[in-house]
Amino acid sequence: MKKTQWYKDAVCYQIWPRSFCDGNGDGIGDLEGVLSKLDYLQDLGINCIWFSPLYCSPNADMGYDISDYRNISPDHGDNELFKKVLDEAHKRGIKVIMDLVVNHTSDEHEWFVKGIDKNSKYHDYYHWRDGKGNKNPNNWSSLFEGKAWEYNKENGQYYLHLFSKKQPDLKMENPEVRKEVKEIMKYWLDMGVDGFREDVITFTSKRDGLPNGFPIPQACGMEHYKDGPRIHEFLSEFREVLDDYDCFVVGEAPLMTPKNALKYIEEKPGQELDMMFHFQHMEADCIFMDCLNKPFSLKQLKKVFSNWQESLYGKAWNALYMENHDHPRIINRYGSVEYREESAKSIANSYMLQCGTPFVYQGQELGMINIDLPNVEDYQDIFAVNNAKTLKLFGFSDAKIEERLKTSSRGNARTPVQWDDTDNAGFTTGTPWMPVNPSYKDGINAKAEIADPNSVYNHYKALIKFRKENPIAVYGKYKEYCKSSKELYVYERTYEGKKMLVICSYSDKAADFKAPAGYDLSKGKAILCNYETNPVSANGFTTRPYETRVYVFD
Ligand code: GLC
Ligand code: CA
């Protein structure tokens, strides 16, 4: 099969189905809802959808705990309806990739249920171990919920769960498990899907051992499963399946560096993944985890951006994102709610014009913001269980812990998409499974923004159009300027004699921008701006809060 690398020209849109659009009024987003919004997505200009898990799931971790890999959850529809969505998307020139969650299953998956019996072939699908006396096999922690081992009364053994207790880890070392994974991939690819986003894929090879490294309590033991000993072997094996299709795979990879990433994504024979979702640029206001916050540092963000751009250029392809279902809204983190529209646009220009494939998360194109709910539980995020413990260990007061859990919760990104200003923002005619952010009444909704030429939505739309029409935005070489500025992020792209200069303020303070040597701003055309462009004097200008401009030179 000839690979076309179509994904390099794509702009992807992530749908987190539960909160996208409800078609049948039960308060839960579904595929009927998606169908009704395909024209919206086509109009926005995106040409690939990534669906967060749509499969059957008891929802201990909102779909990331799968009990049946081959069937769409009745909450969202059924396989026939999915096929219809797939066909309708394809008709509109939109590809579709699925989430592949194979580090773990749900404890309600039949493999796990049957495998409790030590004589079942499924027993060896998971990491079952005897305890040490009446203690856990080792002292690893789970990322979500207490220790990484859970005792099972029926067989007297412990099973490994790196995430919640309801997410037992699969034993990828077992060739039967890998065979299952390959068959699942084939099943969806044969149906017509165009690739996968592979959930925490770099955690799937485990090695025994006692912890000696990670400073964060819930990562205790991670050095034995992050980029584990057989990971490259496993991914190469999966690639054999993928090579029969013109598809792409993007792997989620916590704590990934560019140097390490190249081992997975370098474009040479044996390449395992096409792209990688790393987390480094998501840590400019926190220490590894959103709940351990620190003041936002633009300099840190810029360093990460440039490191990935420079390390991968000509060798591998970047996946570009600022939001997904695992982090609070970016405006609240790196931007400003006070300058919501300005900062949303500046952030958009700053990452979507880098070299790589941009991903936009549902509602990001509307400039959606965090929600303020009375209780931590209202955010419905299992991550909070461990985060509360970690914050306590770090000495935070109870009041501060509560505040941190709310502002860092993944629930902030999971409120229903705001479609219009009718009840429940037009998300559902019933009772939404999660509260709708009241900000839909203040103009943050698709209907109002489509009508407003200066909206965040229309900025994204123009940006996507520009990227599609200008190869410089996709393939151009990257160079950063003004590196020491604490307010401005500035970079150029160059391609086939053309140049483009991207200027983004990440500050509400005025900053003096001076064009780099060799640039004459008066000869460029300013596009994708978020203010009226005032006359350029002396080859520079003073930025207004979160001002952004892109100068193109032919
Ligand atoms: C990934 C997903 C996240 C999920 C976790 C466990 O990080 O993005 O939502 O909770 O894996 O599956
Ligand atoms: Ca529904």
Side-chain angles (χ1 to χ4, degrees), residues 14-37 50-55 57-67 72-78 81 98-107 109 142-145 148 161-170 196-204 218-219 222 225-226 250-256 276-279 282 288-290 319 321 323-328 359 361 379-387 409-414 416-417 424 427-434:
Q14 183 190 352
I15 291 186
W16 196 76
R18 223 178 156 71
S19 289
F20 185 67
C21 182
D22 176 19
N24 66 355
D26 69 354
I28 298 174
D30 51 43
L31 290 169
E32 281 297 348
V34 173
L35 262 185
S36 73
K37 298 297 178 192
W50 151 29
F51 278 110
S52 273
L54 285 161
Y55 320 96
S57 164
N59 287 313
D61 185 23
M62 298 301 167
Y64 283 89
D65 47 321
I66 296 169
S67 54
I72 300 293
S73 159
D75 278 350
H76 304 309
D78 56 27
L81 186 54
M98 294 292 260
D99 223 302
L100 186 77
V101 188
V102 291
N103 177 68
H104 43 266
T105 68
S106 160
D107 66 342
H109 193 290
S142 91
L143 287 135
F144 283 179
E145 219 185 356
H161 63 92
L162 296 182
F163 294 90
S164 82
K165 291 175 192 165
K166 286 187 67 63
Q167 292 167 294
D169 279 56
L170 279 168
F196 299 102
R197 175 265 189 188
E198 302 187 345
D199 191 63
V200 287
I201 197 70
T202 51
F203 284 4
T204 51
Q218 57 216 72
M222 191 182 269
Y225 57 81
K226 188 181 88 60
V250 50
E252 188 200 23
L255 295 155
M256 184 54 63
M276 206 156 228
F277 283 135
H278 71 85
F279 285 54
M282 290 281 100
F288 298 121
M289 296 186 330
D290 296 332
Y321 75 95
E323 283 193 12
N324 61 34
H325 63 296
D326 287 333
H327 303 279
F359 288 73
Y361 176 67
Y379 289 82
Q380 306 193 44
D381 180 5
I382 191 157
F383 208 2
V385 179
N386 264 359
N387 286 346
S409 177
R410 304 186 298 176
N412 285 300
R414 299 175 176 188
V417 171
N424 296 315
F427 163 73
T428 181
T429 52
T431 309
W433 75 278
M434 190 182 180

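Ligands are counted one by one from 1 in listed order, and the atoms in each one are counted from 1 as well. Note that the structure is a prediction, hence the values are computed from the model and not measured.
Side-chain N/O atoms of Gln218 and Asn387 include a donor and acceptor closer than 3.5 Å. Under 3.5 Å, the side chains of Ser142 and Glu145 contain no donor-acceptor pair of N or O atoms. A donor atom on one side chain and an acceptor atom on the other are not found under 3.5 Å apart for Tyr64 and Ser57.
Of the candidates Asp290, Asp61, Asn324, Arg410 forms a side-chain hydrogen bond (donor to acceptor under 3.5 Å, both in side chains) with just one, namely Asp61.
Annotation: side chain to side chain donor-acceptor pair (under 3.5 Å) contacts of Ser19 (sequence neighbours excluded): Trp433.
Protein atoms that are N, O or S and lie under 3.0 Å from the Ca ion (ligand 2) are these: Asp22 OD1, Asn24 OD1, Asp26 OD1, Ile28 O, Asp30 OD2.
Remark: Asp75 engages Arg18 in a salt bridge, criterion side-chain N to carboxylate O under 4.0 Å.
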Using the rule given for side-chain contact (heavy atoms from CB on, under 4.5 Å), can you reason through Phe163 versus Val200, listing the C-alpha separation, both sets of side-chain angles and the distance that settles it, and then say yes or no? CA-CA 11 Å; Phe163 294 90; Val200 287; 3.8 Å; yes
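Here the two rings, on Trp50 and Tyr321, have centers that are 6.0 Å apart or farther.
Applying the salt bridge (Lys or Arg N to Asp or Glu O under 4.0 Å) rule to pairs touching residues 19-34 yields nothing, sequence neighbours excluded.
Listed by chain and number, residues touching ligand 1 at under 4.0 Å (heavy atoms only) are Asp61, Tyr64, His104, Phe144, Phe163, Gln167, Arg197, Asp199, Val200, Glu252, His325, Asp326, Arg410, Arg414.
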